[in-house]
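As structure tokens, the structure follows; a few thoughts come after it.
Note that these values count all heavy atoms, side chains included, but never hydrogens, waters or copies made by symmetry.
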Amino acid sequence: MSNTYLKPSFTTTRKRQVSSHEFNTKSLRKFVETVVDDEVSQRLIPILSTAATNKSVLDLQDILQRFAFDNICKIAFGHDPEYLLPDLPETEFAKTFDDAAKISSGRFATLFPFLWKIKRFLNIGSEKRLQEACSDLREFARNIIKEKKQELSNKPSLETVDLLSRFLSSGHSDEDFVTDIVISFILAGRDTTSAALTWYFWLLSQNPEIEMEILREIKDKSESPVYEEVKDMVYTHASLCESMRLYPPVPIDVKFALRDDVLPDGTVIKKGMRVAYHPYAMGRLEMLWGPDWEEFKPDRWLQRAGDGVSKDGKWSFVGRDPYSYPVFQAGPRICLGKDMAFLQMKRVVAGILRRFKVVPAAEDGFEPVFVSFLTSKMEGGFPVRFEERAT
């Protein structure tokens, strides 16, 4: 996906080298915590409280997408698009991202790739719209970079915490390179967490006993849990992993061979060939997950002793081989923002479930339809009501 939006000169290796250092800093983690907590307390919770009071229905998928978009823009650019407001406004920046993502997804889904290549060559139809959207995105990013450079030049001692400020302050002055890095983070972080959380809340609504176990864990923490408390939310972590096993945010991922190769099973791969792997299908294989693969069971991610808990009286999380559970990819391409994603998701889950019960507005027996774009979607959205929990 990234190559659709980014310049050909942009290399994945160089991006990861520059980015990995920033993702490992405590100051960035603290900044992410602050951004997420502010968005939860000042925007998300008030909107849900109003909906609960008025007994109105909200599309939770849309709400979570707006939440994630505000978050990733603040973290990446230091820019607040104000997408999650009470009137649920449309923003040109978000719409442009949507258009570009849908057209890009259509490229991968088409049975006849030569058709979009012809349209691209002739600059017509969807390919013309895609080029216009990419141009608009890059122009928006350049304007933000210019403003940030001016801000830093006027006040060099400014506490620079967003990713863009960090890159500029560390000497990366190549505007195209910095633009590509920041856009790639927005692409990676915008729809993935919202997709994961949409299906997560659906699964909780169908499994009240698991929801209550999560709620017990949440109530054991402070109202605004610090990092160590969030890290210690083991059952919640396991339930998120289990949800993403069944409904991975990126259901299909594609790589292109840079050179001829042979896979371990003897399959011959030629340079330029497209190789796809399917986290959605892999999460439903009996050979990997056992005969109960259809069940939503956070326990499969937890270490158990004879009494059902580990020796110190707490659950112990047991991760899976990332090549069997490639939700965050594996090896040298493993997701740099994995820890940031879990931090954000746990804080959202804690913020919502502590105060509300999420109740699907559809009739009993309704089964949502899984739609695979670049990220997974729930067809038609996820209409829900919010019920205030007794304090």
Side-chain angles (χ1 to χ4, degrees), residues 1 60-61 64-65 68 105 108-109 188-207 209-211 213-214 233-255 263-265 267 274-304 315-331 333-342 344-346 348-349 360 366-379 382:
M1 174 173 67
L60 185 56
Q61 180 168 255
L64 292 170
Q65 286 173 344
S105 178
F108 288 103
R190 177 179 176 242
D191 286 338
T192 47
T193 52
S194 61
L197 287 170
T198 297
W199 289 101
Y200 180 76
F201 282 109
W202 158 255
L203 286 169
L204 292 191
S205 72
Q206 305 303 300
N207 295 272
E209 71 288 349
I210 294 176
E211 179 183 5
E213 185 67 31
I214 294 166
M233 292 168 62
V234 177
Y235 192 86
T236 304
H237 192 99
S239 64
L240 285 165
C241 289
E242 178 70 350
S243 174
M244 289 187 288
R245 175 183 71 83
L246 292 168
Y247 299 104
V250 181
I252 302 174
D253 207 346
V254 178
K255 308 296 180 189
L263 298 184
D265 67 350
T267 302
R274 183 172 71 173
V275 180
Y277 63 95
H278 297 242
Y280 180 88
M282 293 173 69
R284 294 158 183 266
L285 287 176
E286 183 173 337
M287 64 180 291
L288 293 178
W289 303 100
D292 61 350
W293 65 265
E294 287 184 283
E295 297 180 38
F296 177 52
K297 290 179 61 177
D299 287 19
R300 74 173 83 241
W301 297 84
L302 299 168
Q303 184 70 49
R304 286 178 171 275
W315 294 106
S316 177
F317 180 80
V318 180
R320 292 299 186 104
D321 167 19
Y323 292 94
S324 301
Y325 179 75
V327 169
F328 292 96
Q329 301 202 52
R333 294 293 186 89
I334 197 161
C335 177
L336 291 175
K338 177 181 176 180
D339 291 341
M340 186 171 76
F342 273 113
Q344 178 174 324
M345 288 190 292
K346 287 181 183 179
V348 172
V349 169
F366 168 78
E367 287 289 336
V369 177
F370 183 90
V371 181
S372 176
F373 291 114
L374 291 177
T375 55
S376 60
K377 302 285 184 183
M378 193 177 286
E379 187 177 61
F382 185 24

Can you find a pair of side-chain heavy atoms, one from [X] and one from [Y], that are under 4.5 Å apart?
X      : Y      : result
Arg300 : Asp292 : yes
Tyr277 : Pro326 : yes
Pro368 : Phe370 : no

N/O donor-acceptor pairs under 3.5 Å from side chains in residues 195-204, not counting sequence neighbours:
{"from": "Thr198", "atom 1": "OG1", "to": "Ser194", "atom 2": "O", "distance (Å)": "2.8"}
{"from": "Tyr200", "atom 1": "OH", "to": "Ser239", "atom 2": "OG", "distance (Å)": "2.8"}

Partners meeting side chain to side chain contact (heavy atoms under 4.5 Å, CB included) with [X] (sequence neighbours left out):
X      : result
Glu213 : Arg216, Tyr235, Trp315
Ala330 : Pro322, Tyr323
Ala238 : Pro298, Trp301, Leu302, Phe317

Could you tell me which residues satisfy salt bridge (charged side-chain N to carboxylate O under 4.0 Å, His left out) with Asp265, sequence neighbours excluded, listed by chain and number?
none
Between Tyr325 and Cys241, does the side chain to side chain contact (heavy atoms under 4.5 Å, CB included) criterion hold? Intermediate values first, please.
CA-CA 9 Å; Tyr325 179 75; Cys241 289; 3.8 Å; yes
Roughly how far, to the nearest 0.5 Å, is the [atom2] atom of [Y] from the [atom1] atom of [X]?
X      : Y      : atom1 : atom2 : value
Phe296 : Glu294 : CZ    : CD    : 15.0 Å
Glu379 : Gln61  : CD    : CD    : 10.5 Å
Arg320 : Arg245 : CZ    : CZ    : 8.5 Å
Leu60  : Met378 : CG    : CE    : 8.5 Å

Under the 3.5 angstrom rule, does the side chain of Glu242 hit a backbone N or O of Lys297 as a donor-acceptor pair?
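Answer holds: yes.
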Donor-acceptor pair, distance only, cut-off 3.5 Å: does the side chain of Thr375 make one with the backbone of Thr192?
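No, because the side chain of Thr375 does not come within donor-acceptor range (under 3.5 Å) of the backbone of Thr192.
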Heavy-atom closest pair, residues [X] and [Y]:
X      : Y      : answer
Met345 : Met244 : CE-CE, 3.9 Å
Ile252 : Ser372 : CD1-OG, 4.4 Å
Pro279 : Pro248 : C-CG, 3.9 Å

Under the criterion side chain to side chain contact (heavy atoms under 4.5 Å, CB included), I'd like the reasoning laid out for Val348 against Thr193: C-alpha separation, chi angles, the key distance, then a yes or no.
CA-CA 10 Å; Val348 172; Thr193 52; over 6 Å; no
Would you be so kind as to tabulate the donor-acceptor pairs closer than 3.5 Å made by side chains of residues 284-291, with sequence neighbours excluded?
{"from": "Arg284", "atom 1": "NE", "to": "Leu246", "atom 2": "O", "distance (Å)": "3.3"}
{"from": "Arg284", "atom 1": "NH2", "to": "Leu246", "atom 2": "O", "distance (Å)": "2.7"}
{"from": "Trp289", "atom 1": "NE1", "to": "Met282", "atom 2": "O", "distance (Å)": "3.0"}

